[in-house]
There are 2 protein chains.
Amino acid sequence: MDKKNRNPSIKDIARDAGVAISTVSFVINNRDFVSDSTKKKVLKAIDKLGYSPNIIAQSLRTRKTKTIGVIVYDISNPFVAQIVRGIEEIAKQRGYLVQLGCTFNDLAMEERQINVLINQFVDGLLIVSGRDNDKIYRKILKKNIPMVFVDKEVDGLANASVVIDNVEAVKNAVDYLFSLGHRKIGYISYPVSKQTTVKRRYEGYCKGLKNNGLKVNPEYVVMDEIYFNQELEGKDMEITFEIMNKFLMTKKVPTAFITISDLFAYGLLKALRINNFRVPEDISVIGFDNIIFDNYVYPSLTTIKQPKKLMGITGINLLIDIIEGNKIENSTVILDTELIIRESTGPAPNEIT
Amino acid sequence: MDKKNRNPSIKDIARDAGVAISTVSFVINNRDFVSDSTKKKVLKAIDKLGYSPNIIAQSLRTRKTKTIGVIVYDISNPFVAQIVRGIEEIAKQRGYLVQLGCTFNDLAMEERQINVLINQFVDGLLIVSGRDNDKIYRKILKKNIPMVFVDKEVDGLANASVVIDNVEAVKNAVDYLFSLGHRKIGYISYPVSKQTTVKRRYEGYCKGLKNNGLKVNPEYVVMDEIYFNQELEGKDMEITFEIMNKFLMTKKVPTAFITISDLFAYGLLKALRINNFRVPEDISVIGFDNIIFDNYVYPSLTTIKQPKKLMGITGINLLIDIIEGNKIENSTVILDTELIIRESTGPAPNEIT
DNA sequence: TTGTATGCGTTATCAT
DNA sequence: ATGATAACGCATACAA
């Protein structure tokens, strides 16, 4: 008649091995002062009863959960998914569990999610991208919970983060288009203001134009508020397609577009195709992220590559280092981007004036 | 001098409100017999001290973690990601946390992941797709841990699951191609045998041909072992592209291909383009899954739609019902598929013999 | 209706 | 080197 059918505890092991409960604990935790003979006894009992430590109890006792909370806006976004892959990989390696939370860019939901997680449930927080939510971040920092941002700088918030140089990245893309002869360069983006990242990229666009002696032509800049419509969350491709489909039918078009994500670019490519623009003969297109489909859309997409997996890896390593009190070399890491040139960009068309 | 800087516990609340610790617990758990006046006192103290329950301690005490373990093979796969979205949505709604584990189709890793999770850490397990791993599943069932399969039937394992009718789905696709005049219908798949799902789809292919009076021509069936190369995990598009690129250069080609996932189809489309086959004029292509990019590749992809989000939703609802001891109507749910017709399929070309 | 006391499975302190 | 025991924060059986 064994007491219920629950998992054996350290107490059961102690009884079976004929030692004290604390001794078992010592063996489990590899304390070096346990004699070989008792250790063997304990190990045998552990094996016999099929014991494994109760993580919950350990957490309660040690006040460490060995769990990282990761907040993303949409796990089905390929850019995000790659970052998460990197995170998972390292977390496993360093003995941490990953607790994923999706916000779908709903700030209230993000706050709720974070609150659940930090209720003594995670040792630290990794915030991946998404819209800025300063209030809640400040609250976390005040609670002294380790937190690292990935692909996100929050203005005026001194915090560990892993980012790319967004200004430089877009500026390079502009330079490249300029070198191909393009003088009318369009830009498709979320409206600036809600995310530092988005702001920086637009700065890069403006700076790139200026450096090459060009002016920003508002007619070529598309930043529709509809991107922020909560109903349409996760539909960047579709939205861009709709917007640009109208745009191409009614407006003067530039000879090239830079977009702030590959998904935007996919929507644009489709709109161009439907409106009988050839890419890149009539219009060149540059995306952002270098997600795995870029090589498989037609034409294959020139893009600004972000080191997605590395961003995840770097972020979680940084976070775990902070949690474990290791020495941090740099609390802000800036990773390199690279312009990947594929078929969607080419020389500017000769204008017939 | 407050003891450390830890979160307030119910003990602190009790002291502040001048009631017993159990009373606080009663209030928190909404027991109806607490008088309004004491309840108010307690609530005030809770608010004042900023208390929130320690989930770890609750779990230890109640032996319930309100956490679901979800095992997937690759979170960056758009098909999987959509299922997970559905899971997350319902889990949140019903008060559960989701613990995600990626296996990358590594059976040993899957076993390790599952072992971690079921160490008193999750109330139940949701196994999404991926290769069959019978041994470990049997072990879990023996432990009486609630488990539900999504997009997976394991032969000879009576277990709750959410699936589609794979045989019927592919058979319908064959019928459709036949009705368009196709008589040489190819098939691209993982090798059968490692996954019941993959087997069933091939059955559907064979059955479909047979029903229409056609024979399986092995020359038109591509099932390369290289798909199982662990190094190449997650590279279905790339692998298919390579394989089919060679195939198209060296073999006789059918007038249509059915593939077991949209990613395969994307790789095929690219190979066809490079080898100057027109789609659908020369060759028709049918994918499987209906992931969000199908409308944005060129030509847009005809595919067998799986109700991905619904599969996730159904699976987690089933699992939570089992966990909570609710009455289950059907422990095996079969959801409908639908053939979504887009640009990649058309009439069979006229053969010039 | 409210309070007291015990135990969930650990870790860690202090004896021995 | 090992054992006895308190404590982590909570839920609950039982007493009041």
Side-chain angles (χ1 to χ4, degrees), chain A residues 2-43 45-46 49-67 116 118-123, chain B residues 2-43 45-46 49-67 116 118-123:
Chain A
D2 46 9
K3 13 161 83 177
K4 291 291 177 56
N5 191 17
R6 56 166 178 61
N7 289 312
S9 77
I10 172 172
K11 205 185 287 180
D12 300 313
I13 304 299
R15 187 165 359 89
D16 190 273
V19 300
I21 156 178
S22 49
T23 306
V24 178
S25 176
F26 294 147
V27 172
I28 291 165
N29 293 314
N30 269 315
R31 307 302 210 86
D32 43 1
F33 51 74
V34 186
S35 79
D36 275 2
S37 63
T38 44
K39 187 185 285 183
K40 214 181 294 174
K41 274 193 297 184
V42 171
L43 257 23
I46 287 180
L49 302 190
Y51 166 85
S52 58
N54 183 317
I55 300 176
I56 304 288
Q58 283 180 328
S59 299
L60 179 62
R61 185 55 236 237
T62 61
R63 294 168 172 291
K64 291 253 163 273
T65 59
K66 285 277 186 176
T67 300
V116 170
I118 63 179
N119 259 356
Q120 310 97 347
F121 200 81
V122 295
D123 295 342
Chain B
D2 46 10
K3 13 159 85 181
K4 289 290 176 55
N5 191 18
R6 56 164 177 61
N7 290 312
S9 74
I10 65 175
K11 206 185 286 180
D12 302 313
I13 304 300
R15 185 163 2 88
D16 191 273
V19 300
I21 153 178
S22 55
T23 306
V24 178
S25 176
F26 294 147
V27 172
I28 290 164
N29 294 310
N30 267 314
R31 307 302 209 84
D32 42 1
F33 51 73
V34 186
S35 78
D36 276 1
S37 63
T38 44
K39 187 185 286 187
K40 213 181 295 176
K41 273 194 297 185
V42 171
L43 257 22
I46 286 179
L49 302 189
Y51 166 86
S52 57
N54 182 316
I55 299 174
I56 305 287
Q58 282 180 329
S59 299
L60 179 61
R61 181 59 236 243
T62 60
R63 295 169 169 291
K64 292 253 165 273
T65 59
K66 285 280 187 173
T67 301
V116 170
I118 64 180
N119 259 359
Q120 310 97 345
F121 198 82
V122 297
D123 295 343

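Atoms considered below: every heavy atom in the structure, side chains included; atoms not considered: hydrogens, waters and symmetry mates. In what follows, chains are A, B, ... by sequence order, proteins preceding strands, each numbered from 1.
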Nearest whole angstrom, please: distance from the [atom2] of [N] to the [atom1] of [X].
X	N	atom1	atom2	value
Asn30(A)	dT11(C)	CG	C1'	15 Å
Ile28(A)	dA12(C)	CD1	C1'	14 Å
Phe121(B)	dT10(C)	CZ	P	14 Å
Arg15(A)	dG3(D)	CZ	C1'	16 Å
Leu60(B)	dT6(C)	CG	P	18 Å
Phe33(A)	dA1(D)	CZ	P	8 Å
Asp12(B)	dA7(D)	CG	C1'	14 Å
Lys39(A)	dT2(D)	NZ	P	10 Å

Scan Ser35(A) against the nucleic acid and name what it touches under 4.0 Å (heavy atoms): base, sugar-phosphate only, or nothing. sugar-phosphate
Assign Ile56(B) to base, sugar-phosphate, or nothing according to its heavy-atom contacts below 4.0 angstrom with the strands shown.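 Since no nucleic acid heavy atom lies under 4.0 Å of Ile56(B), the category is nothing.
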Selection from [options] that lies nearest to any side-chain heavy atom of [X]:
X	options	value
Ile21(A)	dC8(D), dT10(C), dG9(C)	dT10(C)
Asn54(B)	dT2(D), dC10(D), dT2(C)	dC10(D)
Arg61(B)	dG9(C), dC10(D), dT2(D)	dC10(D)
Pro53(B)	dC10(D), dA11(D), dG9(C)	dC10(D)
Ser9(A)	dT12(D), dC8(C), dG9(C)	dG9(C)

[X] and [Y]: which non-hydrogen atoms are nearest, and at how many Å?
X	Y	answer
Ile55(A)	Val116(B)	CD1-O, 4.1 Å
Ile56(A)	Phe121(B)	CD1-CD1, 4.2 Å
Gln58(B)	Pro53(B)	NE2-CB, 3.5 Å

Of the options Thr67(B), Thr65(B), Asp123(B), which is the one that meets Ser59(B) in a side chain to side chain contact (heavy atoms under 4.5 Å, CB included)? Thr65(B)
If the test is side chain to side chain contact (heavy atoms under 4.5 Å, CB included), which one of Val27(B), Thr23(B), Asn29(B) qualifies with Ser25(B)?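 Testing Ser25(B) for a side chain to side chain contact (heavy atoms under 4.5 Å, CB included) against Val27(B), Thr23(B), Asn29(B) leaves exactly one candidate, Asn29(B).
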Position toward the 5' end of DNA chain D (nearest nucleotide), Ile55(B) or Asp32(A):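 Here Asp32(A) is the residue nearer the 5' end.
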According to a strict under-4.0 Å criterion, is [X] in side-chain N/O contact with OP1 or OP2 of [N]?
X	N	value
Thr23(A)	dG3(D)	yes
Gln58(A)	dT11(C)	yes
Arg63(A)	dG9(D)	yes
Thr62(B)	dC8(C)	no
Thr38(A)	dT2(D)	yes
Lys64(B)	dA11(D)	no

In terms of the nearest nucleotide of DNA chain C, which residue is placed more toward the 5' end: Gln120(B) or Ser37(B)? Ser37(B)
Most 5' of Ser22(B) and Phe26(A) on DNA chain C, judged by nearest nucleotide: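 Looking at the nearest nucleotide for each, Ser22(B) comes out on the 5' side.
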Can any side-chain N or O of Asp16(B) pair as donor or acceptor with the backbone N or O of Asp12(B) at less than 3.5 Å? no
